[in-house]
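Working notes for the structure below.
Lettering of chains follows the sequences in order, A, B, ..., and the numbering in each one begins at 1.
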There are 2 protein chains.
Amino acid sequence: MRKPTIQDVARLAGVGVGTVSRVLNNHAAVKESTREAVLKAMAELDYTPNPHARRIAGGKSYTISVLLPVMTTEFYVRLLNGLEAGFQEARYDVAIFPLMDRSRLERYLGSHTLAYQADGLVMATYNLTKMFNERRLKLHQPAVLVDAYGEGVDCAFMDNVAGGHLAGEYAARMDGPIHAMWVETELDQLFTTRVFEDRRRGFHAALTEAGRTADLEFTTSFDSYAARTVAAGLLERTTFPCTVFASADMIAGALLDEVLSRGLVPGQDVKIIGFDDQPWAEARGLTTLHQPVESMGYEAAGLLLSRVSGFKGAPRARKFTPTLVIRQTA
Amino acid sequence: MRKPTIQDVARLAGVGVGTVSRVLNNHAAVKESTREAVLKAMAELDYTPNPHARRIAGGKSYTISVLLPVMTTEFYVRLLNGLEAGFQEARYDVAIFPLMDRSRLERYLGSHTLAYQADGLVMATYNLTKMFNERRLKLHQPAVLVDAYGEGVDCAFMDNVAGGHLAGEYAARMDGPIHAMWVETELDQLFTTRVFEDRRRGFHAALTEAGRTADLEFTTSFDSYAARTVAAGLLERTTFPCTVFASADMIAGALLDEVLSRGLVPGQDVKIIGFDDQPWAEARGLTTLHQPVESMGYEAAGLLLSRVSGFKGAPRARKFTPTLVIRQTA
DNA sequence: TTGTAGGCGTTATCAT
DNA sequence: ATGATAACGCCTACAA
């Protein structure tokens with residue numbers, strides 16, 4: 001009752017193991033009739049190749065590892081969807097290795113894990129290649145960065161500067177003071193991300209170009225309760241009408257709550273621009289920046305797959321740009 | 001510059017590969033002096049064993065696969081933490097295979113994926129063993145259910161009935177009408193979970209035992225905006241003071257928002273009991289049910305590891321019980 | 001076009 | 001206590 005091997009298939013089909021291997025990896029030159037015979041034998045035995053053996057024999061294991069920060073946000077679900085879609089088309093499996101904290105990272109850098117043994121590695125949000133270099137560790141398989149930018153590596157990333165710029169352009173056209181709510185960035189030097197910094201840069205650039213400046217600016221942690229408190233502070237100090245760029249939908253949602261609870265009218269007294277286009281954004285009429293996250297993931301998969309297949313060209317960087325979705329709040 | 005192998009280590013240490021393998025798996029009988037020599041050589045070469053080769057050689061790969069529904073909730077992060085802690089102690093790696101939808105599941109059932117080839121399999125939330133049986137597929141490695149219950153398999157699960165009961169007992173002691181807010185359960189027959197149904201059963205049982213009954217009951221989707229709307233409806237219809245069992249903290253949070261925005265006093269006009277003890281629950285003073293999720297994951301890891309090590313006893317089921325954390329809202 | 005044989009990195013079974 | 005050596009399941013020359 002043990003799992004059938006390539007030998008079993010060869011025997012049943014009356015061919016050599018080499019031939020079976022050839023049809024398995026559709027290496028050219030297999031007579032159609034024998035190919036069919038082999039396929040039939042495989043089906044009959046319910047044979048599936050052993051990825052470990054494949055890998056060990058110097059071939060591919062058809063597995064891609066994804067190093068992903070553990071965040072309970074919609075963003076990563078969408079990213080995963082895009083990645084999976086791309087890899088699945090090429091019949092690759094993806095295994096996720098959650099990066100919970102720094103100690104976890106150390107383990108991966110220890111380089112004995114399975115993550116390290118797949119055909120390719122995708123690193124989301126954090127550019128871990130730096131670390132590999134610093135420690136003079138060699139990456140033994142092709143890698144791609146997604147939602148991050150790095151020199152010398154293929155990468156697919158979101159242009160948060162452009163996103164912030166779009167928000168700024170739009171806000172500059174509104175009457176009344178312009179405010180902003182930013183998100184506190186992580187302090188861990190390893191796990192640091194520049195998204196909010198970028199959104200801010202783009203936003204300010206756009207305002208400047210339009211001859212305007214930001215009035216009040218607040219920073220909050222990425223937590224709806226905290227954001228709500230900060231939003232209250234903002235509403236205390238502003239005059240109306242005003243426009244607020246809340247650099248993440250979660251923040252925008254909290255602000256929206258606070259606005260409504262004060263009997264103010266969103267889109268009129270307070271114009272709100274979010275960022276992310278969360279699933280609920282449409283229902284709440286939130287004007288926000290939509291990010292093509294799935295496309296970014298899909299593209300990253302394509303970049304990596306080309307490397308896995310032997311592509312040797314120069315590193316490629318693919319930039320994705322958010323689009324402004326105008327709804328009722330602004 | 002290729003990765004060092006056991007051969008390299010053996011050569012450097014001046015011993016045979018067999019000896020190196022022995023110290024690697026600390027099989028008995030290796031002279032202390034040679035063991036040290038081998039260890040030194042491994043360190044020097046920065047050697048780490050190849051899990052694929054280990055697996056192929058009939059040994060173990062020291063990798064566990066976790067089949068996990070992709071959900072952006074704190075719950076799964078905590079669960080993962082517990083699982084990882086358990087496996088890590090035994091020096092096992094864990095690879096996560098995300099279950100996004102039914103088609104994904106089909107692939108895993110196809111049984112050729114790497115997920116299927118680890119030393120053990122943990123299935124979270126969904127009892128996939130049923131499916132394996134229905135299709136007469138054989139699981140080639142030990143499996144454990146976590147956050148799910150199943151006959152004939154080891155499992156570690158949360159007693160949501162008991163949790164609901166605790167909420168009911170507590171609510172029954174309050175003055176005024178008792179209401180409840182439930183969460184709409186998924187409709188996919190495969191991906192169905194009974195947690196909210198269980199919480200409800202326990203809750204009603206407790207009320208009955210106390211000679212009371214639930215007054216208003218609402219159902220909402222698992223979304224804070226929708227919940228807020230439902231909460232508003234509830235507050236329109238009730239009299240005060242009242243007590244509300246919100247069967248998930250996210251729902252409780254939305255209700256709390258609505259209560260505050262109406263100038264009502266939580267814990268006085270409206271007593272709120274949540275479920276989950278989310279990170280923010282303490283800051284908001286939410287009375288809620290705390291689930292020992294990490295412990296559950298840790299225990300599941302232990303159960304699986306014992307199987308992987310050859311334990312043949314009858315299936316074991318470990319039940320974990322939530323505890324009521326009383327804060328300001330009730 | 002196809003079969004045979006060597007090798008991938010380990011573990012396990014022999015001897016010694 | 002330890003060193004050869006045969007598996008493990010597959011891929012890839014090489015030969016036919």
In whole angstrom, give the distance that lies between atom [atom1] of [X] and atom [atom2] of [N].
| X | N | atom1 | atom2 | answer |
| --- | --- | --- | --- | --- |
| B:D8 | C:dG9 | CG | P | 8 Å |
| A:E36 | C:dT1 | CD | C1' | 16 Å |
| A:L45 | D:dG9 | CG | P | 14 Å |
| A:R11 | D:dG9 | CZ | P | 11 Å |

In the 5'-to-3' direction, what one-character label does each nucleotide of nucleotides 10-16 of chain D receive under the scheme B = base within less than 4.0 Å of a protein heavy atom, S = sugar-phosphate only, - = no such atom? BBBB---
Does anything in residues 291-307 of chain A pair up under side-chain hydrogen bond (donor to acceptor under 3.5 Å, both in side chains), and if so which pairs, sequence neighbours excluded?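 Counting only pairs at least two positions apart or across chains, the side-chain hydrogen bond (donor to acceptor under 3.5 Å, both in side chains) contacts touching residues 291-307 of chain A are A:R78-A:E294, A:E89-A:Y298, A:D154-A:R307, A:D276-A:Q291, A:E299-A:R318, A:S306-A:R316.
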Could you give all pairs that pass the side-chain hydrogen bond (donor to acceptor under 3.5 Å, both in side chains) test and reach residues 29-40 of chain B, with sequence neighbours left out? none
With sequence neighbours excluded, tell me which residues meet ring pair (Phe, Tyr, Trp, His ring centres under 6.0 Å) with B:F157.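 Here the qualifying residues are B:Y149.
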Would you please name every residue forming a ring pair (Phe, Tyr, Trp, His ring centres under 6.0 Å) with A:Y62, sequence neighbours left out?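 For A:Y62, the residues satisfying ring pair (Phe, Tyr, Trp, His ring centres under 6.0 Å) (neighbours in sequence not counted) are A:Y92.
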Rounding to 10°, can you tell me the angle the first-five-pair axis of the helix from C:dT1-D:dA16 to C:dT16-D:dA1 makes with its last-five-pair axis?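 It works out to 40° between the end axes.
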Partners of B:D147 by side-chain hydrogen bond (donor to acceptor under 3.5 Å, both in side chains), sequence neighbours excluded?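 Per chain and number, B:D147 pairs via side-chain hydrogen bond (donor to acceptor under 3.5 Å, both in side chains) with B:T125.
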May I ask you to check whether A:T321 and A:D159 show a side-chain donor-acceptor distance below 3.5 Å? no
What residues form a side-chain contact (heavy atoms from CB on, under 4.5 Å) with B:A41, not counting sequence neighbours?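 Partners of B:A41 under the side-chain contact (heavy atoms from CB on, under 4.5 Å) test: B:V9, B:L12, B:A13.
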Qualifying residues under side-chain contact (heavy atoms from CB on, under 4.5 Å), relative to B:A57, sequence neighbours excluded: none
Under 4.0 Å: is that the gap between some side-chain N or O of A:T19 and OP1 or OP2 of C:dG3? yes
